[in-house]
Amino acid sequence: MTPKRLRVTLVLGALTAFAPMSIDMYLPALPDIGRSLDADAASVQLTLSAFFIGLALGQAVYGPLADRFGRKGPLYFGLVVYIAASIGCALASDIDALIGLRLMQALGGCVGIVVARAVVRDLYGHQESARMFSVLMLVMGVAPILAPLLGGYVLIWFGWRAIFWVLALFGLSCMLAAALILPETRPAHTIKPNLFSAISGYGRLLIDRRFIGYTLAGGLAQAGLFAYISGSPFVFIEVFGVPAHHYGWLFGMNAVGLIGASQVNRRLLARRSPDELLRRANLVNALFGIALAGIAFSGFGGLPMLLVPLFGYITALGFTFPNAAAGALAPFGDRAGSASALLGSVQFTIAAVAGAAVGLLHDDTAVPMAAVIGMCGAAAFASHRLLVRA
């Protein structure tokens, strides 16, 4: 990899890390936020669901903008919104304000996800883009390891509000790096969409069976991850008594599996097709998800036994994410921004539903989290088999 390509890859990895950084870093603080703002667990979990909703809605807007005005202009706008909302979260006086500001934070930060995927599709074909998405997972995968660890210690030393000041600084750093390093990659021949063509373009994507199949295969599996993100702070810290500053170590363990799998995926793509790897990964997700639900329902083995299928499910996502994204975007080089946006919008809408379901079903046990993860894994496998392979 040339030095220039390495620098661009690092910037793209940082842009795709906005979601894990903004979510994972404050996870250890969720119980403290509830106590500080006098809010119950379900209300605190709405700060996660609001973020998921913002990720879904915002991407649908940024896609056509990235196709019309280029990749970098919308990126700068979104990052300014993200920085301002992060500062607002740090100053929030009640849970309702924090929920609204988390929505705004996501509406700004999601631009990084859209632009990063569109740039990869601008530069690479199907097979190579799957390999590039695997490389980005290595870069962005550091976030789920470091973010909860950093968040846990920032929480201990400075309190939960300081976490959002750190996120504002992260947003500013990414904006400066993008300005200095990231090239404009929108193809010169790209048709600049107006409102009508953007809506009709989304309509054509929504009736494309294979696009929807890939999107659901990746999105439903990802929804299991967000069910884990929503439920694990309360399951680990409140149910099983894990100290808040140790939560990050458990979270990081699963992130290591995800990173390792993404790099194995990159190597396997030299001799295997993305579809073959995606099919097998979805099957593994389904089996581990069902096993996780069974263990949670039975209570067998406590936390150590619960961690085994959870690790297997999260690890398999290292194969699911890059191959599903590459398959969904491959046919749409002239509409990479819109296709990337719709892919993300659908996937994060499903993630928002999964996260909200964990909160609504909250019963002081691991069962809601595990049951939602199991259902997501099974549904992801069925989506790929019925819509892509049919």
Side-chain angles (χ1 to χ4, degrees), residues 18-54 82-83 85-106 109 143-171 225-255 303 306-307 310 352 355-356 358-366 368-369:
F18 267 96
M21 280 293 292
S22 304
I23 295 168
D24 302 344
M25 191 171 177
Y26 96 127
L27 289 180
L30 290 184
D32 272 40
I33 290 173
R35 288 187 287 268
S36 174
L37 300 181
D38 193 25
D40 57 25
S43 297
V44 175
Q45 284 181 319
L46 284 177
T47 64
L48 278 170
S49 297
F51 194 86
F52 299 156
I53 292 169
Y82 176 87
I83 293 166
S86 297
I87 294 172
C89 289
L91 302 174
S93 59
D94 57 61
I95 194 64
D96 291 332
L98 184 60
I99 291 170
L101 287 163
R102 285 286 286 171
L103 176 66
M104 291 302 299
Q105 191 186 35
I145 297 175
L146 296 183
L149 291 173
L150 177 61
Y153 286 105
V154 170
L155 173 66
I156 293 171
W157 295 333
F158 304 108
W160 65 267
R161 296 180 186 276
I163 293 172
F164 291 102
W165 288 107
V166 173
L167 290 175
L169 182 61
F170 173 70
L225 171 64
F226 280 86
Y228 158 66
I229 290 171
S230 295
S232 60
F234 293 97
V235 171
F236 291 171
I237 297 172
E238 301 292 332
V239 177
F240 291 106
V242 175
H245 59 288
H246 290 166
Y247 168 82
W249 293 105
L250 291 178
F251 200 88
M253 176 185 68
N254 290 320
L303 180 61
L306 201 70
L307 291 175
L310 191 57
V358 174
L360 291 173
L361 297 173
H362 181 79
D363 64 355
D364 296 319
T365 74
M369 179 188 77

Side-chain contact, heavy-atom cut-off 4.5 Å: [X] with [Y]?
X      : Y      : result
Phe226 : Ile23  : yes
Leu303 : Val242 : yes
Ile95  : Leu98  : yes
Trp165 : Leu91  : yes
Phe234 : Val239 : no

Handout entry: Main-chain N/O of Leu30 paired to Arg35 side chain as donor or acceptor, under 3.5 Å
Key =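 Side chain of Arg35 to backbone of Leu30, a donor-acceptor pair under 3.5 Å: no, none is there.
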
Practice task
Check for a donor-acceptor pair, side chain of Ser22 on one end and backbone N or O of Phe18 on the other, with a separation under 3.5 Å.
Solution key: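 Side chain of Ser22 to backbone of Phe18, a donor-acceptor pair under 3.5 Å: yes, one is there.
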
[atom1]-[atom2] distance between [X] and [Y], expressed to the nearest 0.5 angstrom:
X      : Y      : atom1 : atom2 : answer
Leu361 : Met369 : CG    : CE    : 13.0 Å
Leu37  : Thr47  : CG    : OG1   : 9.5 Å
Cys89  : Gln105 : SG    : CD    : 4.5 Å
Ser232 : Leu310 : OG    : CG    : 7.5 Å
His362 : Asp40  : NE2   : CG    : 8.5 Å
Phe240 : Thr365 : CZ    : OG1   : 8.5 Å

Exercise for the section: Could you please spell out the steps behind the side chain to side chain contact (heavy atoms under 4.5 Å, CB included) verdict for Phe170 and Ser86? Expected result: CA-CA 10 Å; Phe170 173 70; Ser86 297; over 6 Å; no

Taking all atoms of both residues into account, what is the closest heavy-atom pair of [X] and [Y], and its distance?
X      : Y      : result
Arg102 : Tyr26  : NH2-CE2, 3.2 Å
Met25  : Leu167 : SD-CD2, 3.9 Å
Ile99  : Leu46  : CD1-CB, 3.8 Å
Ala50  : Leu103 : O-CD1, 3.4 Å
Ile83  : Ala168 : CG1-O, 3.8 Å
Leu101 : Ala85  : O-CB, 3.8 Å

Exercise for the section: Report, as yes or no, whether the 6.0 Å neighbourhood of atom CG on Asp38 holds more than 12 heavy atoms from other residues, nucleotides or ligands. Expected result: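 Open.
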
Exercise for the section: On the 0 to 90° scale, with breaks at 30° and 60°, tag the Trp160-Phe164 ring pair as parallel, tilted or perpendicular. Expected result: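 Trp160 vs Phe164 ring planes: perpendicular.
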
